[in-house]
Amino acid sequence: MKKGKVSIREHELVPKHEIMEEEEEKELLEKYKVKKEQLPKIKFSDPVIKEIKAEVGDVVKIKRRSRTAGKFISYRLVIE
Amino acid sequence: MRTKRIRGMKFGLLSPKEIRKMSAARIITADTYGEDGFPIEMGLVNQRIGVIDPGLRCKTCGGRMGECPGHFGHIELAAPVIHVGYAKLIYKMLSATCRKCGRVLLGEGYFLFSVTDADAEIERELNKGVISEELCDIFKTNDAPLSNDVGVTKEKNGEWVVVTGKKMFIIRKEEEELSIYDAGEKRSFLREIELQREKQTDVGEVVKRVFKEASKKGVCTYCRDYLFSTNTARLENELNKGVISEKLKKMFVTRGCPLSKNSAIRKEIDDNWVITGKEKTYIVKKEEEKLNIYCGVPQRVIKYDKPTTYVEIDEEERERRLMPTDVRERLERIPDEDIALFGMHAKDARPEWMVLTVLPVPPVTARPSITLESGQRSEDDLTHKLVDIIRINQRFMENRDAGAPQLIIEDLWELLQYHVSTYFDNEIPGLPPARHRSGRPLKTMSQRLKGKEGRFRGSLSGKRVNFSARTVISPAPDIDIDEVGVPEEIAKELTIGINVTERNIEHMKEVVRRGREHPGANYVRRADGKKVKITESNYEALAEEIDIGWKVERHIRDGDIVLFNRQPSLHRVSLMAHYVRIMPGKTFRLNPAVCPPYNADYDGDEMNLHVLQTEEARAEAKILMAVQCNIISPRFGRPIIGAIHDYITGLFLLTHGEKRFEREEVLEILKKIDIDDLGEAAGTFVSPSGIEVPYWTGKQIFSRILPKDLNLQFRGKMCEKCIERGLVCEKEKCPHEAYVIIKGGEIISGVIDEMAVGSFKGRIIDRIFRQYGEEAAKRFINDASRIAINYILQAGFSFGISDEDIPREGKKQIREEAVREAEKKVDALIMAYEAEELEALPGRSLEETLELLIMQELGRARDAAGEIAERDLGMENAGVLMAKSGARGSMLNLTQMAACVGQQSVRGERIRRGYQGRTLPHFKPGDRSANARGFIKSSFKDGLSPTEYFFHAVGGREALVDTAVRTSQSGYFQRRLINALQDLEVKNDETVRETRDTIVQFKYGEDSVEPSKGEYGKVVDIDEIIREAMGAEVGA
């Protein structure tokens, strides 16, 4: 990142994105009995994805605040 | 059922060959029926292209009317004509292709640079699909930097294709060195289109760019005019280096086509050299050891005259019309491989097919003629149009064969074009619509499909249905909320088919015996499926004849379940199941409590009713769609059905304070509901008749309809939010009776208002629904509305113009204290502003600050006026009572009527528009005072001054426009949302998935709570459970 530029990940409205480990990913797919392609998607060009340097094919874990549930965890597959 | 997935869809053009192949008959006669009344051979109502006359058989398939689906015919056009639907595309194609060779005017690849000292490593890497760092640097030094997303693929011919961003390079191995070429526009575009295809996305945007780029080119480098030859090996070397030698330049000069100073040369991928000259482009080509120099063919500008004429303008600005034959010839020349650039497949859609030589004739079944009462035949509009086409076509041929002058031929050609154009679309701008003899414009192809009444929206997405009725609605507070009053007249038209069985045969006989009198029947269907209409003359006989296995179409009657609907059907409660109740009159009757879900009122609203025809449908409606199933809205988890208007007023009056009722009075109020126990009297009092009698309070009367063990506490509409204001809530001792406590089904304290029983709020309804079920909730609403109406009828309730009267004192106070003070303050602010003493608020200009302060001040003025009015209008005022109880209107409405209307605004600002510097000529320019900028100090009761009236209209118009814009926008937005979400499903693991089982949400609503089942957004209401468990006192 360029000097003097602020990371968008520090903004309060940007939820926390994490690249998932392979093991974790497997568990997730097992839990919902889905293939990777059936997960919600996120574009590779998404600013946060670029910042955490996720690759196409990675699954990211998104922790965000939820109006109904307080905290909510979602998962997205990085696509082109 | 096995579901199948649509993999793709292919659109194409009909080729002349296909049209002829699918044609069952060639049509040459413009006539339809002969003198014998039979369709004539070769005519437009040809017996080989379908039958519409009963008794005749199709000569193609042998089917009778109704069996034969119809077959296409065709007309051989004497001369080609442009298909109007493709006229614009044809224009774009003509502009984008060479007038001579038909190639798309996009450049081929050209030489960039070569890598001489390439080691084998680079090549190996390339084969692996990797660009080595070294090569990357080489690209960079040659002004062709590669971006990060670079990819290499090896082609069959040994080339490597490098793709980076939108650029594309080709690497070729030539004599031990690697030559790098720019792939050129044509190849890049083709690849882009291919990529879009793979991604199954729209190629339209790329194609648009193809047309744009290709139309810009003024010259074709594919075909060329020979200029001269030369034969020097040195020249070739120089050319390869990208240098134009003096010698070559001279050669050009001597041939009369000098090159300009900035002429550039580049080597193309197929070993030509292209020199861009002053106005022309030259191609140097090595052929048989000679260098031949050609000149690229210059293109001409093509003008498109709507709707179907193309004109070519040559170098000397002369215009020449391109006849459809010319157009067709040019389109024919476009090679198949270039067609992909237009996003089309040459196999399915050759461009020349857009110029018609053969016209398909739709089967007669698609354009049936109708027989008028006079016995005369009236043909369909399409047939009329086809008659025109054939007539002109015939005339054209005759004239041409007779060798008529060109002018006449061209006129006829134009006429044929007109008829064919209007046959497809009769609403082409610039063309007068073809008309019927009566002057009515013909409804041709496009008009049949297009628009609201067209085939798609009018016949496929929506159709008219049977067993339905529509009429005006009117109120009926004494019918149940799940009933609908149906006029007898309508009940006699709507029927339910009942199968006759052993058990109901006697009843069905009875029904048929009544004939068409109300609880009768309209039709019977015999066991063999034959339908017989019940008439005056046959009902008795039919009633005797009825047997098991027959079906009787009997009238609907009390207790039948029907669907009731009001448009716009924005949510599921816009369509609910009601039970029929036959009533006199001509309107549907509806309990006012069910108006909110339908968003209905009785100012002329009409509603639709649908009679359910199968047992399954009736069961489903009863279990899922009945009114009581939908009391709680899934939108916000509160009742959407509940008391409104007078229901609330009535209950409020009844339960307000300590009203005392004698036994007879109590019975009078409760007479319409099923109560057998009045409960213990509250005490005794001396009745108006002078004797001491027991009495019941209004709260007790209302408590009769509450479940015996209901415990509930909440704050009502009257609550003044003491806690939020830092005061203590006095609960049961609340001076406004706003704290409602219900214990063991008795109201201990509080008054029943909108919060308790109203739609959208209704805490009591909500609780009864959850705790005692939908039947109990329905009963409660029914009972509450009956008590309310009974009581308000007795007590009397009215609101008139005099209810807006404020005593003289109050009036004066409003005028002097509220309004005049504010005006003074506003003037002071303006003075301060003009004296430049005003200080700007952070982030605002001085002017904005002034406006803001004035707005605040005037807002306060209105509030102050309202407060004064409120003080003078107590709870005994009907308006105040309605506003406070939530029955209708707000205190603001009352303030505006009685005290002061207040500031009018447009876009949140005071009114500024009008003349320069002033709103109206009544004021001086630059007047910023309250009066001059739309402050209305009068009340509606007093009446508005002329200027005030005008300002009110200005503000009012904005509100009107806003609602109009909002409804259309939100309507479309909702439609898009529905289309996007309609197939989503909540699965057993609580995930929300779409049809391919792709997850949309990992947990429904993120908390797995269905709003109508949870407690106000939570799974459970813990406070309430604790209260319930510990006894009502704790935690209250």
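All heavy atoms count here, side chains included; hydrogens, waters and symmetry mates do not. Order of the sequence lines fixes the chain letters, A, B, ..., with proteins taken first and strands second; residue numbering starts at 1 for each chain.
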For this session: Output the distance between atom CD1 (B/Ile999) and atom CD (A/Glu37), rounded to the nearest 0.5 Å.
Result: 12.0 Å
Problem set entry | More than 12 heavy atoms of other groups within 6.0 Å of A/Lys35 NZ | no
Exercise. Would a 4.5 Å heavy-atom cut-off, applied to side chains only, mark A/Leu39 and B/Phe1002 as touching?
Worked result: yes
Exercise. Are any non-hydrogen side-chain atoms of A/Thr68 and B/Val1009 less than 4.5 angstrom apart?
Worked result: no
Exercise. Counting only heavy atoms not in A/Lys36, do more than 12 fall under 6.0 Å of its NZ?
Worked result: yes
For this session: Kindly give the heavy-atom pair with the smallest separation between A/Gln38 and B/Asp997, and that separation in Å.
Result: NE2-CB, 3.7 Å
Exercise. Of all heavy-atom pairs between B/Glu1006 and A/Ser66, which one has the smallest distance, and what is that distance?
Worked result: OE1-OG, 2.6 Å
Problem set entry | B/Arg976 atom CZ, neighbour heavy-atom count above 12 within 6.0 Å | yes
Exercise. Take atom CD in B/Gln982; do more than 12 heavy atoms of anything else shown fall under 6.0 Å from it?
Worked result: yes
For this session: Look at atom CD of A/Glu21 and say whether more than 12 heavy atoms of other residues, nucleotides or ligands are closer to it than 6.0 Å.
Result: no
Exercise. What do you reckon, is CZ of B/Arg209 surrounded by more than 12 foreign heavy atoms closer than 6.0 Å?
Worked result: yes
Exercise. Does B/Asp989 reach the side chain of A/Lys33, with side-chain heavy atoms less than 4.5 Å apart?
Worked result: no
Exercise. Checking heavy atoms, do the side chain of A/Lys71, its backbone, both or neither come under 4.5 Å from chain B?
Worked result: neither
Seminar exercise, completed: Whatever's closer than 4.5 Å to a heavy atom in chain B on A/Arg76 counts as neither
For this session: Please round to the nearest 0.5 Å and tell me the distance separating atom CZ of B/Arg993 and atom OH of A/Tyr32.
Result: 9.0 Å
Problem set entry | chain A contact via B/Lys987 - which portion, at a heavy-atom distance below 4.5 Å | neither
